[in-house]
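A short write-up of the structure that comes next.
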Amino acid sequence: MAGTSKRSMSPHSSQPSSPRTSSCEMFGYVGIEAVLDQLKIKAMKTGFEFNIMVVGRSGLGKSTMVNTLFKSKVWKSSPVNKLGPLPQTLQLQSVTHTIEEKGVKLKLTVTDTPGFGDQINNDKCWDPILNYINDQYEHYLQEEVLITRQHHIPDTRVHICVYFVPPTGHCLRPLDIEFLRRLCRVVNVVPVIARADSLTLEEREAFRWQIQEDLKKNGIFVYPQKCFDEDTNDKALNDKIREKIPFAVVGADREHIVNGKCVLGRKTKWGIIEAPICRTSKTSPIMFTMKIIEYTD
Amino acid sequence: MDKEYVGFAALPSQLHRKSVKKGFEFTLMVAGESGLGKSTLINSLFLTDLYKDRLIPDASARLSQTLTIERRGVEIEEEGIKVKLTLVDTPGFGDAVDNGDCWMPVVRFIEEQFEQYLRDESGLNRKNIQDSRVHCCLYFISPFGRGLRPLDVAFLRAVHDKVNIVPVIGKADALTPKETQILKQKIREQLEEQEINIYQFPDCDSDEDEDFKKQDAEMKESIPFAVIGSSTVVRDGATRPVRGRLYPWGAAEVENPHHCDFLNLRRMLVQTHLQDLKEVTHDLLYEGYRARCLQSLARPGARERTGRSKLSRQSATEIPLPMLPLADTEKLIREKDEELRRMQEMLEKMQAQMQQSQGEQSDVL
């Protein structure tokens, strides 16, 4: 009667030692799909954790970008005239906020890297960053190997590193390549064209193509990596994203009135640049859903 | 005595005719990191395509690139006046991971030009000296930074006493008007703090009209110039076609004074201060170089020979020949001494003649 009714619960359970499961016919409504609701409720209770690191030269709009992406003042960007001298060595600064949308809580940690690439000699300026990332992994590993583990290990590992490329319009600079080459091995890297409002559409496309070529030539694999594509749906979705990488972004934290509605944008003498136009709207939903789920694997 | 018309009021037009025949030479250097719109701006400034066959190296080529100095020459003619423009470019500046001392080739280049001029000046045939000294350096500052970066400061300090520096903010269409003001203010403060001498516009004479004075003041206020360059023509709505950059949200016009300072820069560089830049290069910067050079080469042995040759401009050293090996230097110095003595004698003779003829003239009058 009951017989062999082992139902496979997760789509990717490919442990070599698990017994072979065969799907069997269901004779009525059991209510298994309610598991999804249970997962959802559980997730909403515990909340999500997400750690972003932003890397790039000063003045590329990193803090403004983070604020625009999360539509809140996550990071207070300092105005130009109040800045002190640039720090001599790279110092990482983290800020943690809990933001909530439709009942879902997100514990967001943003790590900034002021002073990256600003000195005359930028050799090994990526070392502090690599050390920080490895330290977080080390910390998590320590918690994992404890005999009595915590119920929920706080995850401070960097989930994604957003690298801001200055909009020169030519190609990646040697510093960009050195950094990306080293970091793509330890963390998910997403290169982004910063301050893209200084490039016309043709220039943007040419620059994007050039960067993709440079990345390929130097063996730099950015997120989403091809080797982690699981099935054809994933591949299709990821391919669409891969075409668009590096994303060209414009951040804005001032509001202007355009056609009667209030939008975030930058106002110049020849027009108003609305922040969502430059493809940022594609990055936020995609990045979130994909990162949070896939990344914790 | 009736009022006589001597006729020297026609001197300026004689000078004008002569200069037009001779033509003008101007050497302009552009420096700054790659990707700041330097080549586009040069093409826009002089309305020529100086960079027609340029190949932008890709990233892997950049990894092993060192700073090179490139010269491009072009003859521009407008209304019968010829200008031989030499453009000095510095590709590879600030591109490497370690940019320590990356400005040394530039400094050396500028000094080599001064040295060449010094030699030519001290030579026998001084009629047709080719002036290849750098008259002006347009230094491009990134609009994305927070003012001058350490590399900018280091470069400017290395060259500010050798060349006229005009700081320029490239790709200024990346900034809103308020951001532009703040950045300009910050740069001005930093330049003062770091004691960097940029090219100072001479104050206009008090008898100029109000408009000119106003224009002059405006120009001085807008340093560093925030510029946009473009070699494409856009049509903005119903108005006439203008040079600019077309974005989905509007068109930034190059020659619109509300959009950027391109017109000011062009007016300054070409229309009003071209000659002044050359003069400052000659009178201030070159003289400074010459003084330093001669002082540094004053050897103890040289002081014995000072009795023989006294130059009118400089006290007590021989003409320096810094590049030659030591063995030949002595011989050359002696030869040059001879030359100098001969020239002194000729000069004295000519002076005596002039005095005589002046004396005769005043007698007649």
Side-chain angles (χ1 to χ4, degrees), chain A residues 56-61 78-81 83 85-86 88 117-125 164 166-179 194-203 207 210-211 213-215 217-218 252 254 265-274 277-278, chain B residues 33-37 40 56-65 94-102 142-147 149-151 153-155 171-180 182-183 185-186 189 228 230 232 236 244-253 256 258-260:
Chain A
R57 274 176 23 182
S58 60
L60 287 180
S78 18
V80 177
N81 48 358
L83 264 189
L86 292 170
Q88 287 296 94
D118 284 327
Q119 307 304 323
I120 295 180
N121 182 358
N122 292 311
D123 205 14
K124 307 243 186 327
C125 66
F164 284 72
T168 57
H170 295 328
C171 61
L172 285 180
R173 300 165 304 147
L175 177 63
D176 302 334
I177 298 204
E178 289 297 316
F179 180 80
R195 305 284 284 259
D197 53 333
S198 66
L199 296 170
T200 60
L201 292 175
E202 299 90 21
E203 288 168 356
F207 192 35
Q210 184 60 50
I211 293 184
E213 289 294 303
D214 286 339
L215 292 174
K217 254 194 225 162
N218 287 283
R254 286 240 169 80
R266 289 166 60 73
K267 186 163 179 197
T268 58
K269 289 257 163 76
W270 48 88
I272 295 187
I273 307 159
E274 288 178 48
I277 283 184
C278 285
Chain B
E33 274 188 349
S34 60
L36 290 179
T40 319
I56 301 181
D58 70 353
S60 18
R62 286 260 171 107
L63 280 172
S64 47
Q65 193 183 39
D95 275 347
V97 177
D98 181 2
N99 292 310
D101 290 339
C102 72
S142 169
F144 307 117
R146 307 289 178 95
R149 300 175 58 229
L151 180 61
V153 171
F155 177 83
K171 292 200 171 172
D173 49 341
L175 299 171
T176 61
K178 191 155 170 230
E179 287 170 353
T180 315
I182 296 178
L183 184 61
Q185 183 64 28
K186 185 92 208 274
E189 279 170 21
I228 306 175
S230 171
T232 50
D236 187 16
R245 293 170 60 74
L246 187 63
Y247 293 107
W249 46 87
E253 293 167 37
N256 185 333
H258 296 295
H259 289 184
C260 72

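Basis for what follows: all heavy atoms, side chains included, without hydrogens, waters or symmetry-related copies. Keep in mind it's a predicted model, so treat the numbers as computed, not measured. To find a chain, count down the sequence lines: A is the first, B the second, and so on, and within it residues start at 1.
- In this structure, B:Asp95 CG and A:Cys171 SG are separated by 8.0 Å, a value rounded to the nearest 0.5 Å.
- Rounding to the nearest 0.5 Å gives a distance of 11.0 Å between CG of B:Leu151 and CG of A:Asp118.
- Ranked by non-hydrogen atom pairs under 4.5 Å with chain A, the options B:Ala252, B:Gly244, B:Gly100 are led by B:Ala252.
- The CG atom of B:Asp98 sits 3.0 Å away from the CG atom of A:Asn121 when rounded to the nearest 0.5 Å.
- Counting only heavy atoms from C-beta outward, the side chains of B:Val97 and A:Asn122 approach each other to under 4.5 Å.
- The shortest side-chain heavy-atom distance between B:Phe144 and A:Ser58 does not fall under the 4.5 Å cut-off.
- Across all non-hydrogen atoms, the minimal contact from B:Lys171 to A:Thr168 is NZ-O, 3.0 Å.
- Applying the ring-ring contact (aromatic ring centres under 6.0 Å, His included) rule to A:Phe207 yields no partners; only residues at least two apart in sequence or on another chain are considered.
- Remark: A:Arg57 engages B:Glu33 in a side-chain hydrogen bond (donor to acceptor under 3.5 Å, both in side chains) (not counting sequence neighbours).
- Among A:Cys125, A:Ala194, A:Pro167, A:Pro166, the residue making the largest number of heavy-atom pairs under 4.5 Å with chain B is A:Pro167.
- Of all the heavy atoms in B:Ala96 and A:Pro174, the pair that sits closest is CA-CG, 4.4 Å.
- Using a 4.5 Å cut-off between heavy atoms, B:Ala154 contacts chain A through its side chain alone, with no backbone atom that close.
- In this structure, B:Leu175 and A:Arg195 have side chains that are in contact, with non-hydrogen atoms separated by less than 4.5 Å.
- Between A:Thr200 and B:Tyr247 the shortest heavy-atom distance is N-CE2, 3.7 Å.
- Shortest non-hydrogen contact noted between B:Pro150 and A:Gln119 is CG-OE1, 4.2 Å.
- Between chain A and the residues B:Leu246, B:Asn256, B:Thr176, the most heavy-atom pairs under 4.5 angstrom are made by B:Thr176.
- Only the side chain of A:Glu203 comes within less than 4.5 Å of a heavy atom of chain B; its backbone N, CA, C and O stay farther away.
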